[in-house]
K.L.:
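Got a structure here, written out as structure tokens. Questions coming.
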Amino acid sequence: MQDLVFATNNSHKLEEIRRIVGEGFNILSLKDINCNDEIPETADNLEGNALMKARYVKEHYGYDCFADDTGLMVDALDGAPGVYSARYAGPGHDSEANMRLLLKNLEGVVDRNARFETVIALILNGETVIFRGQVEGEILLEPQGVDGFGYDPVFKPSVSPVSFACMSQDEKNAISHRGAATGLLIRYLESHLL
Ligand code: ITT
């Protein structure tokens, strides 16, 4: 099996992706390759950040790699929190605080349309490829459900009566931004098995 690093510190994402990626690739985490570095994510767009993370691992550790960056874009907030979704309420990457701030900034707002967007950058066998996925939905008035992570309790996809946090991982993957982008990644990987 070919080793492929997923450059993330988010164990939920790693679990989600390992569940979708079948056999053929051995998905390694940053921990698995002893990488404890603070990988820079300083671009002002999702693609730039995904590329930065994947290139960092290739350059410093020599592994083929993919990385994703995800943002929640809220129409009434001109696309915020967007690329800054992880640090919306401050540098602490505190999901509860991020959700509270989002709900506060949307108090009294009728247009609650939003979308999650994921960009994946893959470096494999000398090629760099980008995959994208998104899901339309709305920000709920209050959190709903206890599963998932990040903004899941306040995001209800248009095609669902309930939030992401009320779904199993498989149900979420079937309609989610990361599920869509990962689906494209998987198809590419399957056709590029060595
Ligand atoms: P990395 O180590 O991969 O960077 P991260 O948790 O910082 O992990 P992102 O930068 O991609 O992940 O995510 C930006 C923010 O959006 C962060 O607050 C996440 O919790 C949130 N997020 C990402 N994917 C999500 C999903 O599927 N559902 C809910 N929130 C999500």
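Small disclaimer: the values here were computed from a predicted structure and weren't measured. In listed order, ligands and their atoms are each counted from 1.
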K.L.:
To the nearest 0.1 Å, how far is atom 21 (C) of ligand 1 from its closest protein heavy atom, and which atom is that?
P.N.:
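The answer is Tyr151 CD1, 3.9 Å.
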
K.L.:
Give a yes-or-no answer on whether the side chains of Ser95 and Asn98 include a donor-acceptor pair shorter than 3.5 Å.
P.N.:
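Note: Ser95 and Asn98 side chains miss the donor-acceptor criterion.
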
K.L.:
Compare Asp69, Asn173, Asp152 and give the one whose heavy atom is closest to atom 29 (C) of ligand 1.
P.N.:
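Heavy atom nearest to atom 29 (C) of ligand 1 belongs to Asp152.
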
K.L.:
Is a side-chain donor or acceptor of Arg178 paired with a backbone partner of Thr118 at a separation under 3.5 angstrom?
P.N.:
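No; zero donor-acceptor contacts below 3.5 Å.
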
K.L.:
Give me the one residue out of Ile39, Asp69, Val119, Asp44 that meets side chain to side chain contact (heavy atoms under 4.5 Å, CB included) with Asn49.
P.N.:
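In the set Ile39, Asp69, Val119, Asp44, the residue that makes a side chain to side chain contact (heavy atoms under 4.5 Å, CB included) with Asn49 is Asp69.
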
K.L.:
Out of Phe149, Phe164, Tyr84, Phe6, who gets a non-hydrogen atom closest to atom 25 (C) of ligand 1?
P.N.:
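When every heavy atom of Phe149, Phe164, Tyr84, Phe6 is considered, Phe149 comes closest to atom 25 (C) of ligand 1.
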
K.L.:
Among protein heavy atoms, which lies nearest atom 20 (O) of ligand 1, and at what distance?
P.N.:
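Heavy-atom neighbour on the protein nearest atom 20 (O) of ligand 1: Gly150 CA, 3.3 Å.
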
K.L.:
At a 4.0 Å threshold, what atoms of ligand 1 neighbour a non-hydrogen atom of Phe116?
P.N.:
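Once the distances to Phe116 are compared, the set is 28 (N), 29 (C), 30 (N), 31 (C).
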
K.L.:
List every atom of ligand 1 that sits less than 4.0 Å from any heavy atom of Arg178, numbering the atoms from 1 in the order shown and giving each element.
P.N.:
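Once the distances to Arg178 are compared, the set is 23 (C), 24 (N), 25 (C), 27 (O).
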
K.L.:
Side chains of Leu185 and Asp68: closer than 4.5 Å at any heavy-atom pair?
P.N.:
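Not touching, per the 4.5 Å side-chain cut-off.
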
K.L.:
Taking Asp32 for the side chain and Ser29 for the main chain, is one N or O donor matched with an acceptor at less than 3.5 Å?
P.N.:
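Checked: pair present.
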
K.L.:
Between Asp147 and Lys172, does any NZ, NE, NH1 or NH2 come within less than 4.0 Å of an OD or OE carboxylate oxygen?
P.N.:
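The answer is no: the pair does not qualify as a salt bridge.
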
K.L.:
Can you find a side-chain donor-acceptor pair between Asp37 and Tyr61 that sits under 3.5 Å?
P.N.:
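The criterion, which ignores hydrogens and geometry beyond distance, is satisfied for Tyr61 and Asp37.
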
K.L.:
Under a 4.0 angstrom heavy-atom cut-off, which atoms of ligand 1 come close to Lys172?
P.N.:
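Answer, ordered by atom number: 26 (C), 27 (O), 28 (N).
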
K.L.:
Nearest protein heavy-atom contact for atom 6 (O) of ligand 1: which residue, which atom, what distance?
P.N.:
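Scanning the protein heavy atoms, the shortest distance from atom 6 (O) of ligand 1 goes to Asn10 ND2, 3.0 Å.
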
K.L.:
Pull out every atom of ligand 1 sitting under 4.0 Å from any heavy atom of Thr8, numbered as shown with elements.
P.N.:
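By the 4.0 Å cutoff, the relevant atoms are 1 (P), 2 (O), 3 (O), 8 (O).
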
K.L.:
Quick one: does His12 get a heavy atom under 4.0 Å from ligand 1?
P.N.:
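His12: no contact with ligand 1 (<4.0 Å).
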
K.L.:
Quick one: does any side-chain atom of Gln144 pair with a main-chain N or O of Ser163 as donor and acceptor, under 3.5 Å?
P.N.:
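The answer is yes, because a donor-acceptor pair under 3.5 Å joins these two groups.
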
K.L.:
List every atom of ligand 1 that sits less than 4.0 Å from any heavy atom of Asn9, numbering the atoms from 1 in the order shown and giving each element.
P.N.:
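So the answer, numbered in order with elements, is 2 (O).
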
K.L.:
Please could you name the atoms of ligand 1 that Lys53 approaches to less than 4.0 Å, counting only its heavy atoms?
P.N.:
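In order of numbering, the contacting atoms are 1 (P), 3 (O), 4 (O).
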
K.L.:
Counting non-hydrogen protein atoms only, what is the nearest one to atom 18 (O) of ligand 1? Give residue, atom name and distance.
P.N.:
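For atom 18 (O) of ligand 1, the nearest protein heavy atom comes out as Ala86 CA, 3.2 Å.
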
K.L.:
May I ask you to identify the nearest protein heavy atom to atom 5 (P) of ligand 1, giving residue, atom name and distance to one decimal place in Å?
P.N.:
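Going by distance alone, atom 5 (P) of ligand 1 is nearest to Lys13 NZ, 4.0 Å.
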
K.L.:
Counting distance only, does the side-chain N/O of Tyr151 pair as donor-acceptor with the main-chain N or O of Ser85 below 3.5 Å?
P.N.:
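Flag set: sc Tyr151 to bb Ser85 pair under 3.5 Å.
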
K.L.:
Enumerate the atoms of ligand 1 whose separation from the nearest heavy atom of Glu41 is less than 4.0 angstrom.
P.N.:
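Contacts of ligand 1 toward Glu41, numbered from 1: 4 (O), 10 (O).
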
K.L.:
Can you tell me the protein heavy atom closest to atom 14 (C) of ligand 1 and the distance?
P.N.:
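Checked against all protein heavy atoms, atom 14 (C) of ligand 1 sits closest to Thr70 O, 3.2 Å.
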
K.L.:
Quick one: nearest non-hydrogen protein atom to atom 16 (O) of ligand 1, plus distance?
P.N.:
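Minimum-distance protein heavy atom for atom 16 (O) of ligand 1 reads Ser85 CB, 3.7 Å.
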
K.L.:
I need the single residue from Val57, Leu4, Val5 that forms a side chain to side chain contact (heavy atoms under 4.5 Å, CB included) with Leu28. Which is it?
P.N.:
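Going through Val57, Leu4, Val5 one by one, the side chain to side chain contact (heavy atoms under 4.5 Å, CB included) with Leu28 is satisfied by Val5 alone.
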
K.L.:
Please verify the inter-ring angle class for His177 with Phe116; under 30° counts as parallel, over 60° as perpendicular, anything in between as tilted.
P.N.:
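Parallel, since the angle between the ring planes stays under 30°.
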
